[in-house]
Visitor: 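Quick one: the structure is below, questions incoming.
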There are 2 protein chains.
Amino acid sequence: MHDHAETHDAAGCCGDADGAISRAERICRERDLQFTRLRRDVLVAVAGQTKPLGAYDIAERLSAPGRRVAAVSVYRALDFLTENGLVHRIASRNAFVSCGHSHTDGAGLVFLICRNCGTIDETTSPEIEHQLGRTLAKAGFKPTSRILEVEGECGACLGRSAEA
Amino acid sequence: MHDHAETHDAAGCCGDADGAISRAERICRERDLQFTRLRRDVLVAVAGQTKPLGAYDIAERLSAPGRRVAAVSVYRALDFLTENGLVHRIASRNAFVSCGHSHTDGAGLVFLICRNCGTIDETTSPEIEHQLGRTLAKAGFKPTSRILEVEGECGACLGRSAEA
DNA sequence: TCGCCGAGTGTTACAGTGTATCACCCGCGA
DNA sequence: TCGCGGGTGATACACTGTAACACTCGGCGA
């Protein structure tokens, strides 16, 4: 897992990598999929961050003197993880974040990307999902996937700039 | 302009390149910006399509035996055009489409991307915009820009597959 | 008129992102 | 034991985007 696993095992300090891992294990067991070492490592790398990581960043992090992880392998692992809803791709950044919500599809997922600190937050809004459904129906469009990403300044950064 | 300009000058046949051009000319006049040949050519190339074009596609289209247009130049023109709301970037495709709506920012722009035929449509939904505003406010997030892209099957393709 | 300046463009080089392809390993069932 | 399929390693390559510098051209003040 990671270096200071003993000092905490709940959510918190690092994007809750442990939680993501156990969720992944459960999902793979349920769907009869392999949760291999590479896939686990990639998920840990992504989950240990609130900022999005590029595939090449991940490859670099996982590579050590003894082991070289090529970007291709990372992409394959990321494909697997995104297909199973464990990580999300941030289209506007060409980067990936681990999924916080154990999320029911169609929850109206919104990504909040902070211009200032680079942190990515997720929210959901059933109302947006509902309105979007109406809009699509009116347009005669049958959706298979959607992305909603908002860039701006997060609450924490707003607070910091206000007090300065 | 384009080859058969006389046969029509309204909307229609080719994504309404002419309309886009005249809108661009007006905007540049209003804002005291230069609507140069390169910028016009790039806009024409993009506006003549309902499918999104990559920057390199555009460069290729604009290049002719006598003139070579480098991708860099296209990127610069695209930056200019997107800044002024004349074209939009489709983040999920790394590609660009011309903007149909003479659009007031904050209209709740939605891109509908057809999996099947590749066509991109725009709609707007003030209701979504409204809900999104509420959601962001609740999260304490101050937005500067947003993207909402939906992938799926467009009405035309649904019709075609139904009749088959 | 001369020279400067700034915007736009051309050009080269390069960094970052993503995919195709083939080889290899390894577990598993026939 | 053999073959098979999924996962991985490795190389090569295509596509996307940016940095840096040179050049042109029009405007403007000395």
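Nothing here was measured: the structure is a model prediction, and the numbers come from that model. Each chain gets a letter, A, B and so on, in the order its sequence line appears, and its residues count up from 1.
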Visitor: For E127(A), which residues count as a side-chain hydrogen bond (donor to acceptor under 3.5 Å, both in side chains) partner, sequence neighbours excluded?
Guide: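 Scan of E127(A) (side-chain hydrogen bond (donor to acceptor under 3.5 Å, both in side chains), adjacent residues dropped) gives S125(A).
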Visitor: Which two nucleotides bound the region of DNA chain C that has atoms under 4.0 Å from heavy atoms of chain A, read 5' to 3'?
Guide: dT17(C) to dT21(C)
Visitor: For F141(B), which fellow cluster members are found when Ile, Leu, Val, Met, Phe, Trp and Tyr are connected by side-chain heavy-atom distances below 4.5 angstrom, either directly or through intermediates?
Guide: V110(A), L112(A), I128(A), L132(A), L136(A), F141(A), L148(A), V150(A), V110(B), L112(B), I128(B), L132(B), L136(B), L148(B), V150(B)
Visitor: Under the side-chain hydrogen bond (donor to acceptor under 3.5 Å, both in side chains) test, which residues partner E149(B), sequence neighbours left out?
Guide: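 Partners of E149(B) under the side-chain hydrogen bond (donor to acceptor under 3.5 Å, both in side chains) test: S92(B).
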Visitor: Using the test side-chain hydrogen bond (donor to acceptor under 3.5 Å, both in side chains), find all partners of D121(B) that sit at least two apart in sequence or belong to another chain.
Guide: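 Per chain and number, D121(B) pairs via side-chain hydrogen bond (donor to acceptor under 3.5 Å, both in side chains) with no residue.
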Visitor: Establish, yes or no, whether a centroid distance under 6.0 Å links the rings of F96(A) and H88(A).
Guide: no
Visitor: What pairs with Q34(A) under side chain to side chain contact (heavy atoms under 4.5 Å, CB included), at least two apart in sequence or on another chain?
Guide: T36(A), R39(A)
Visitor: Separation of Y75(A) atom OH from dT16(D) atom P, in whole Å?
Guide: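 It works out to 13 Å between those atoms.
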Visitor: May I ask you to list the residues of residues 29-37 of chain B, by number, that have any heavy atom positioned under 4.0 Å from an atom of DNA chain C?
Guide: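 Of all residues in residues 29-37 of chain B, the ones placing a heavy atom under 4.0 Å from DNA chain C are Q34(B), T36(B).
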Visitor: Who passes side chain to side chain contact (heavy atoms under 4.5 Å, CB included) against A137(B), sequence neighbours left out?
Guide: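 Result, side chain to side chain contact (heavy atoms under 4.5 Å, CB included) vs A137(B): none returned.
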Visitor: Between P on dG17(D) and CG on D57(B), what's the gap in Å once rounded to a whole number?
Guide: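 These atoms are roughly 11 Å apart.
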Visitor: Checking D57(A) now: which residues fulfil side chain to side chain contact (heavy atoms under 4.5 Å, CB included) with it, not counting sequence neighbours?
Guide: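 Checked D57(A) against side chain to side chain contact (heavy atoms under 4.5 Å, CB included); matches are L53(A).
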Visitor: Taking only N/O atoms, report every protein-nucleotides 9-15 of chain D pair under 3.5 Å with atom names and distance.
Guide:
residue : atom : partner : partner atom : Å
dG9(D)  : OP2  : S73(A)  : OG           : 3.1
dG9(D)  : N7   : R76(A)  : NH2          : 2.8
dG9(D)  : O6   : R76(A)  : NH1          : 3.4

Visitor: Can you list everything that forms a ring pair (Phe, Tyr, Trp, His ring centres under 6.0 Å) with Y75(B)? Sequence neighbours excluded, please.
Guide: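 Counting only residues at least two positions away or on another chain, Y75(B) forms no ring pair (Phe, Tyr, Trp, His ring centres under 6.0 Å).
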Visitor: So, using side-chain hydrogen bond (donor to acceptor under 3.5 Å, both in side chains) as the criterion, who are the partners of R31(A) when residues are at least two apart?
Guide: N84(A)
